[in-house]
Amino acid sequence: TDDYRLVISRPLQLLMDVEAYKREKSMLSLPYQQLGDLLVFINENQHRFEKLKAFLWTLESRGIKGRYFGVASLSDMEEQAKLLCMFLDLLYWDDVNADVTSYQTSFPSNPDNTGNSPH
């Protein structure tokens with residue numbers, strides 16, 4: 001349900017703000033621990049979540065790393081990983097659409113300015 005997804009997405013919010021991540025890490029908060037479990041889960045299941053492999057590298061380069069605490073349930077982590085895959089799909093398609101639009105607007109429709117089609 002939507003309420004369930006809202007609840008399990010809370011730890012994912014730490015991925016959007018490195019300062020919030022650091023703050024929660026210093027407090028060892030539950031969302032931080034849940035995220036730590038999730039990142040370990042994804043890392044150990046990269047063969048199932050190929051889309052998230054590069055994402056993990058990006059997170060690690062920002063100091064966001066997995067650490068096992070044992071607080072997150074397997075079913076929650078499965079759903080969280082699916083949500084992350086969906087988000088990355090959306091970001092990918094937004095980038096592709098932006099690139100296509102940019103390419104189309106920068107490509108001259110009549111490169112020889114004669115009014116004649118090249119074909």
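Hydrophobic cluster membership differs between V7 and M77, with clusters built from Ile, Leu, Val, Met, Phe, Trp and Tyr side chains linked at under 4.5 angstrom.
The minimum heavy-atom distance linking I64 with L14 is given by the pair CD1-O, 4.3 Å. Residues P11 and Q80 share a closest heavy-atom pair of CG-NE2, 3.8 Å. Considering every non-hydrogen atom in both L74 and F41, the closest pair reads CD1-CE1, 3.4 Å. Between Q33 and V71, the shortest heavy-atom distance links the atoms OE1-CG1, 3.3 Å. Contact detail for I42 and A81: the closest heavy-atom pair is CG1-CB, 4.3 Å. V40 and R67 get closest at one heavy-atom pair: CG2-N, 3.4 Å.
A distance of 6.5 Å separates CG of L12 from CZ of F87, quoted to the nearest 0.5 Å. Rounded to the nearest 0.5 angstrom, H47 NE2 and K53 NZ are separated by 10.5 Å. Atom OH of Y68 and atom CG of N43 lie 14.5 Å apart (nearest 0.5 Å). In this structure, CG in L56 is found 6.5 Å from CD in E60, a value given to the nearest 0.5 Å. Going from atom NZ of K22 over to atom CE of M27 covers 14.5 Å, rounded to the nearest 0.5 Å.
Considering R23, E24, K25 in turn, K25 is the only one that fulfils the side-chain contact (heavy atoms from CB on, under 4.5 Å) rule with Y21. Of the listed residues (D76, L38, D3), just one forms a side-chain contact (heavy atoms from CB on, under 4.5 Å) with I8, and that residue is D76.
Under the 4.5 Å side-chain criterion, counting only non-hydrogen atoms from C-beta, L52 is not in contact with Q46. Using a 4.5 Å heavy-atom cutoff, the side chains of F49 and L84 are not in contact. Here the side chains of K65 and L39 are not in contact, with every heavy-atom distance at 4.5 Å or above.
Side-chain N or O atoms of D17 include one that pairs as donor or acceptor with a backbone N or O of A20 at under 3.5 Å.
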Test side chain to side chain contact (heavy atoms under 4.5 Å, CB included) applied to F69 and Q34, step by step:
CA-CA 8 Å; F69 291 96; Q34 291 168 327; over 6 Å; no

Report the C-alpha separation of Y32 and L28 in whole Å, then their side-chain angles, then the decisive distance to 0.1 Å, and conclude whether the side chain to side chain contact (heavy atoms under 4.5 Å, CB included) test is met.
CA-CA 6 Å; Y32 166 76; L28 288 176; 3.7 Å; yes

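Applying the salt bridge (charged side-chain N to carboxylate O under 4.0 Å, His left out) rule to R10 yields no partners; only residues at least two apart in sequence or on another chain are considered.
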